[in-house]
Amino acid sequence: MVTNGYITREAFHDIYDHVDAANVDLKAFTETFYGKITLTAFAAGAGNFAVAKNETNVWFEITNLMIPTLNDDVEETRRLAGWILENLGPDVPLHFTAFHPDFKLQDKPRTPPEALHRARAIALEAGLHFVYEGNIYSDGANTNCPKCRTKLIQRSWHTVEENLLRRDGACPKCNFQIAGILELKNSRGKRRGLVSVRFRLYLRKR
């Protein structure tokens, strides 16, 4: 499921109890951005992240579309990474994706790759294990072992080109167990293989 995170408490389990994985679009990390640009409130959606983490088995990831001058401030990125670490834990993947002016927000330039590189470095330094770059070709699309930094999964845009994870989901070099969902079963109990959403590979949740 791809979502903005907005859902009532009453409807929460009606939806999430039937979802395997969700990607949450976190537009920014300030109420000002949400109020002026989206005409909504940040807190209304963010409060559901911890509920999804603590009350369901849903594997979820967060995507932050970085828009030049609106939500690419270094301190905002540092606060975002710290909040995820404190409230959701280090294993929730965070994707910084590049903006391109194709629809209503055409007065802003494309996000330079350097902005995504900087944001990814900040989030990794904060302690998040899986931080990615999207909408550009870069090594930031790959999954590295949080312990020994061995490249485990190599991606090119939407394609998984190489997967070096052991079948039990561990790093082949240092044996570190990677969090995530490796495989799911259908209603008949048959394995469905590796789960991939967009260019991402969801790993086994611990």
Side-chain angles (χ1 to χ4, degrees), residues 2 21-29 59-68 70-85 88-102 108-182 193-206:
V2 177
N23 178 258
V24 182
D25 287 323
L26 183 63
K27 304 302 182 184
F29 199 65
W59 175 260
F60 75 102
E61 312 199 355
I62 295 174
T63 293
N64 179 214
L65 180 69
M66 300 206 82
I67 306 173
L70 291 183
N71 66 349
D72 60 345
D73 179 75
V74 169
E75 288 305 315
E76 180 177 342
T77 299
R78 190 168 285 116
R79 290 195 302 271
L80 167 62
W83 182 85
I84 292 175
L85 182 67
L88 307 176
D91 289 332
V92 171
L94 172 61
H95 304 263
F96 293 108
T97 59
F99 166 82
H100 42 84
D102 290 338
K108 301 299 180 184
R110 289 176 176 267
T111 308
E114 293 75 19
L116 300 188
H117 302 338
R118 180 177 64 243
R120 181 170 182 263
I122 289 172
L124 288 172
E125 183 180 357
L128 299 186
H129 287 169
F130 307 106
V131 186
Y132 301 98
E133 299 171 7
N135 289 346
I136 63 171
Y137 286 101
S138 87
D139 290 339
N142 301 328
T143 294
N144 300 315
C145 175
K147 183 177 181 181
C148 70
R149 305 309 302 170
T150 295
K151 182 169 63 178
L152 301 175
I153 301 171
Q154 180 173 325
R155 302 179 181 85
S156 178
W157 210 260
H158 296 277
T159 303
V160 175
E161 296 186 329
E162 188 175 30
N163 179 5
L164 300 179
L165 275 174
R166 293 199 323 234
R167 291 183 63 85
D168 62 356
C171 171
K173 184 175 181 179
C174 71
N175 300 317
F176 186 85
Q177 188 68 38
I178 305 300
I181 299 174
L182 281 175
L194 292 173
V195 181
S196 181
V197 176
R198 297 181 181 174
F199 66 87
R200 296 179 286 276
L201 184 72
Y202 290 93
L203 308 172
R204 186 183 305 273
K205 187 175 182 181
R206 297 164 98 179

- [ ] Taking the side chain as every heavy atom from C-beta outward, state whether Leu152 and Ile178 have any pair of such atoms under 4.5 Å apart.
- [x] yes

- [ ] Output the distance between atom CZ (Arg149) and atom SG (Cys171), rounded to the nearest 0.5 Å.
- [x] 10.5 Å

- [ ] Without swapping roles, check the side chain of Asn163 against the backbone of Gln154 for a donor-acceptor pair under 3.5 Å.
- [x] no

Open item on the list: Please determine whether side-chain hydrogen bond (donor to acceptor under 3.5 Å, both in side chains) holds for the pair Arg118 and Thr77, giving the CA-CA distance in whole Å, both sets of side-chain angles, and the decisive distance to 0.1 Å.
Closed with: CA-CA 9 Å; Arg118 180 177 64 243; Thr77 299; over 6 Å; no

Open item on the list: What I'd like to find out is whether the side chain of Ser138 reaches to under 4.5 Å of the side chain of Glu133, using heavy atoms alone.
Closed with: yes

Open item on the list: Please find the pair of heavy atoms, one from Thr111 and one from Pro68, that lie closest to each other, and give the distance.
Closed with: OG1-CD, 3.6 Å

TODO: Answer whether the closest heavy-atom distance between the side chains of Phe29 and Asn71 falls below 4.5 Å.
DONE: no

TODO: May I ask you to test the Asp25-Asn23 pair for a side-chain heavy-atom distance under 4.5 Å?
DONE: yes

TODO: Show your working on side chain to side chain contact (heavy atoms under 4.5 Å, CB included) between Ile136 and His117 and close with a plain yes or no.
DONE: CA-CA 11 Å; Ile136 63 171; His117 302 338; 4.2 Å; yes

Open item on the list: Is it the case that atom CG in Asp139 sees more than 12 heavy atoms from other parts of the structure closer than 6.0 Å?
Closed with: no

- [ ] Would you mind reporting whether Phe176 and Cys148 have side-chain heavy atoms less than 4.5 Å apart?
- [x] no

TODO: Decide side chain to side chain contact (heavy atoms under 4.5 Å, CB included) for Ile84 and Leu128; before the verdict, give the C-alpha distance in whole Å, the side-chain angles of both, and the deciding distance to 0.1 Å.
DONE: CA-CA 8 Å; Ile84 292 175; Leu128 299 186; 3.9 Å; yes

Open item on the list: Does either side chain, that of Thr143 or that of Tyr132, offer a donor lying less than 3.5 Å from an acceptor on the other one?
Closed with: yes

Task: Neighbour count above 12 (heavy atom, 6.0 Å) for Lys173 NZ - done: no

Task: Ala81 versus Ala123, closest heavy-atom pair with distance - done: CB-CA, 3.8 Å

Open item on the list: For the backbone of Arg155 and the side chain of Glu162, can you confirm whether one donor and one acceptor N or O come within less than 3.5 Å of each other?
Closed with: no

Task: Val131 backbone acceptor or donor facing Arg120 side chain under 3.5 Å - done: yes

Task: Euclidean distance, Phe99 CZ relative to Asp102 CG, rounded to 0.5 Å - done: 7.5 Å

Task: Test item: Leu116 and Met66 side chains (from C-beta on) under 4.5 Å apart, heavy atoms - done: yes

Task: Test side chain to side chain contact (heavy atoms under 4.5 Å, CB included) applied to Val160 and Ile153, step by step - done: CA-CA 7 Å; Val160 175; Ile153 301 171; 3.9 Å; yes

TODO: Considering only NZ, NE, NH1 and NH2 on the basic side and carboxylate oxygens on the acidic side, decide whether Glu76 and Arg79 come within less than 4.0 Å.
DONE: no

Open item on the list: Any non-hydrogen side-chain atom of Pro109 less than 4.5 Å from a side-chain atom of Pro101?
Closed with: no

Task: Rounded distance (nearest 0.5 Å) linking atom OG1 of Thr63 with atom CG of Leu94 - done: 8.0 Å

- [ ] Could you check Leu88 against Trp83 for side chain to side chain contact (heavy atoms under 4.5 Å, CB included), going step by step and ending with a plain yes or no?
- [x] CA-CA 8 Å; Leu88 307 176; Trp83 182 85; 4.0 Å; yes

Open item on the list: Would you compute the distance between atom SG of Cys145 and atom CG of Leu165 and round it to the nearest 0.5 angstrom?
Closed with: 9.0 Å

Task: Atom pair OG1/CG of Thr97 and Leu65 - distance to nearest 0.5 Å - done: 4.0 Å

Task: Check: Leu26 and Leu80 side chains under 4.5 Å, non-hydrogen atoms - done: yes

Open item on the list: Looking at every non-hydrogen atom in both residues, tell me the closest pair between Asn64 and Lys27 and how far apart they are.
Closed with: ND2-O, 3.3 Å

Open item on the list: Quick check on Glu125: does its CD atom have over 12 non-hydrogen neighbours (other residues, nucleotides or ligands) under 6.0 Å away?
Closed with: no

